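What you see below is based on every heavy atom in this structure, not just the backbone, and it leaves out hydrogens, waters and symmetry mates. What you are looking at is a predicted structure, and each value in this text was computed from that prediction instead of being measured. Along the sequence shown, the residues carry numbers beginning at 1.
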Amino acid sequence: MSTKAVNSRQKIRYRIRKKVVGSAQRPRLSVFRSNSDIYVQLIDDANGVTLAAASSRDKDIKAQKGTKSEKSKLVGAALATKAAALGITAVVFDRGGYLYHGRVKSVADGAREAGLQF
């Protein structure tokens, strides 16, 4: 990515983070997308703690065949099952400055289908 693209995404990220704050009852679902992989975390901003995380580099997801969008959906579902084990049903979605389409949308769809409320 060019420096201009990184800087503009960073500005968007900061603007989103001013409004989106996670708590222990309703953590922030944060998305990071690299060229090859996607990473998601549930973050309690009040205590500064990551409650759960999943990525396309996890062994069970990496072993799956399919496109990056299909794997992103599996990542969202994996995070939702980890959240359910912790007793978390509702989250706030932080798209991390990325547009809400493609892999970012697939993560959200996978998490919703597995039971998380946005």
Side-chain angles (χ1 to χ4, degrees):
M1 277 179 100
S2 68
T3 307
K4 185 175 190 291
V6 171
N7 289 340
S8 60
R9 187 181 78 81
Q10 195 69 16
K11 283 181 185 176
I12 294 167
R13 233 181 106 241
Y14 290 149
R15 198 169 28 211
I16 292 168
R17 287 286 292 118
K18 273 193 252 180
K19 298 172 187 162
V20 177
V21 178
S23 65
Q25 293 80 27
R26 195 174 166 111
R28 175 169 55 96
L29 192 156
S30 176
V31 176
F32 176 75
R33 184 189 60 142
S34 72
N35 284 339
S36 56
D37 294 304
I38 193 153
Y39 308 85
V40 292
Q41 299 180 57
L42 287 179
I43 303 169
D44 174 6
D45 289 317
N47 298 320
V49 177
T50 298
L51 304 173
S55 79
S56 57
R57 298 185 74 176
D58 294 347
K59 286 183 182 173
D60 52 339
I61 295 171
K62 195 174 187 104
Q64 299 285 330
K65 297 285 184 211
T67 64
K68 290 189 273 189
S69 289
E70 291 166 352
K71 287 186 179 183
S72 296
K73 198 168 194 172
L74 294 173
V75 170
L79 187 74
T81 56
K82 288 180 182 181
L86 294 171
I88 297 167
T89 57
V91 297
V92 291
F93 191 72
D94 175 10
R95 59 188 174 89
Y98 303 106
L99 295 178
Y100 186 79
H101 73 94
R103 291 190 280 158
V104 176
K105 186 175 188 297
S106 294
V107 166
D109 292 343
R112 276 195 192 102
E113 288 174 12
L116 276 182
Q117 301 282 318
F118 288 36

Fill in: Audit row: Leu29, Phe118, side chain to side chain contact (heavy atoms under 4.5 Å, CB included) steps and yes/no
CA-CA 9 Å; Leu29 192 156; Phe118 288 36; 4.2 Å; yes
Fill in: For the student: nearest non-hydrogen atoms of Ala78 and Ala54, plus distance
CB-CB, 4.3 Å
Worksheet, complete the sentence: Quick note, salt bridge (Lys or Arg N to Asp or Glu O under 4.0 Å) partners involving residues 12-27, not counting sequence neighbours, are Arg17-Asp45
Item to complete: Locate the shortest heavy-atom distance separating Ser72 from Ile38; write the atom from each residue and the value.
Response: OG-CG2, 3.6 Å
Review item, side-chain donor-acceptor pairs of residues 60-69, under 3.5 Å, at least two apart:
| from | atom 1 | to | atom 2 | distance (Å) |
| --- | --- | --- | --- | --- |
| Thr67 | OG1 | Glu70 | N | 3.3 |
| Lys68 | NZ | Asn35 | O | 2.8 |

Discussion item. Same cluster or not: Tyr14 versus Val20, using hydrophobic residues (I, L, V, M, F, W, Y) connected whenever any side-chain heavy atoms lie under 4.5 Å apart?
Written reply: no
Worksheet item: In terms of hydrophobic clusters joined by side-chain contacts under 4.5 Å, are Leu51 and Val75 together?
Response: yes
Item to complete: Measure across Ala83 and Leu116 and return the closest heavy-atom pair with its distance rounded to 0.1 Å.
Response: CB-CD2, 4.0 Å
Worksheet entry | Heavy-atom pair of closest approach, residues Ile16 and Gly97 | CD1-N, 3.7 Å
Practice prompt. Apply side-chain hydrogen bond (donor to acceptor under 3.5 Å, both in side chains) to Arg103 and list each qualifying residue two or more places apart in sequence or on a separate chain.
Written response: none
Could you go through residues 86-95 and list every donor-acceptor pair under 3.5 Å that involves a side-chain atom there, pairing it with any protein atom two or more places apart or in another chain?
| from | atom 1 | to | atom 2 | distance (Å) |
| --- | --- | --- | --- | --- |
| Asp94 | OD1 | Gly96 | N | 3.0 |
| Asp94 | OD2 | Arg28 | NH1 | 2.8 |
| Arg95 | NH1 | Tyr98 | O | 2.6 |

Item to complete: Sequence neighbours left out, what passes salt bridge (charged side-chain N to carboxylate O under 4.0 Å, His left out) with Lys82? Give chain and number order.
Response: none
Item to complete: Applying side-chain hydrogen bond (donor to acceptor under 3.5 Å, both in side chains), name anything that partners Glu113, two or more places apart in sequence or on another chain.
Response: Lys73
Discussion item. Under 4.5 Å side-chain heavy-atom separation, chaining through any Ile, Leu, Val, Met, Phe, Trp or Tyr, what else clusters with Ile43? Say none if it is isolated.
Written reply: none
Item to complete: Kindly indicate, with the supporting measurements, whether the criterion side chain to side chain contact (heavy atoms under 4.5 Å, CB included) is fulfilled by Leu99 and Val104.
Response: CA-CA 7 Å; Leu99 295 178; Val104 176; over 6 Å; no
Worksheet entry | With sequence neighbours excluded, residues passing side-chain hydrogen bond (donor to acceptor under 3.5 Å, both in side chains) with Thr50 | Gln41
Worksheet item: With sequence neighbours excluded, what pairs up with Asn47 under the side-chain hydrogen bond (donor to acceptor under 3.5 Å, both in side chains) test?
Response: Asp44
Worksheet item: So which heavy atom on Ser8 is nearest to which on Ala5, and how close?
Response: OG-O, 3.0 Å
Worksheet entry | Interatomic distance, Leu79 atom CG to Tyr39 atom OH [nearest 0.5 angstrom] | 15.0 Å
Discussion item. Going by the rule salt bridge (charged side-chain N to carboxylate O under 4.0 Å, His left out), which residues pair with Asp109 if we only count those two or more places apart in sequence or in a different chain?
Written reply: Lys105, Arg112
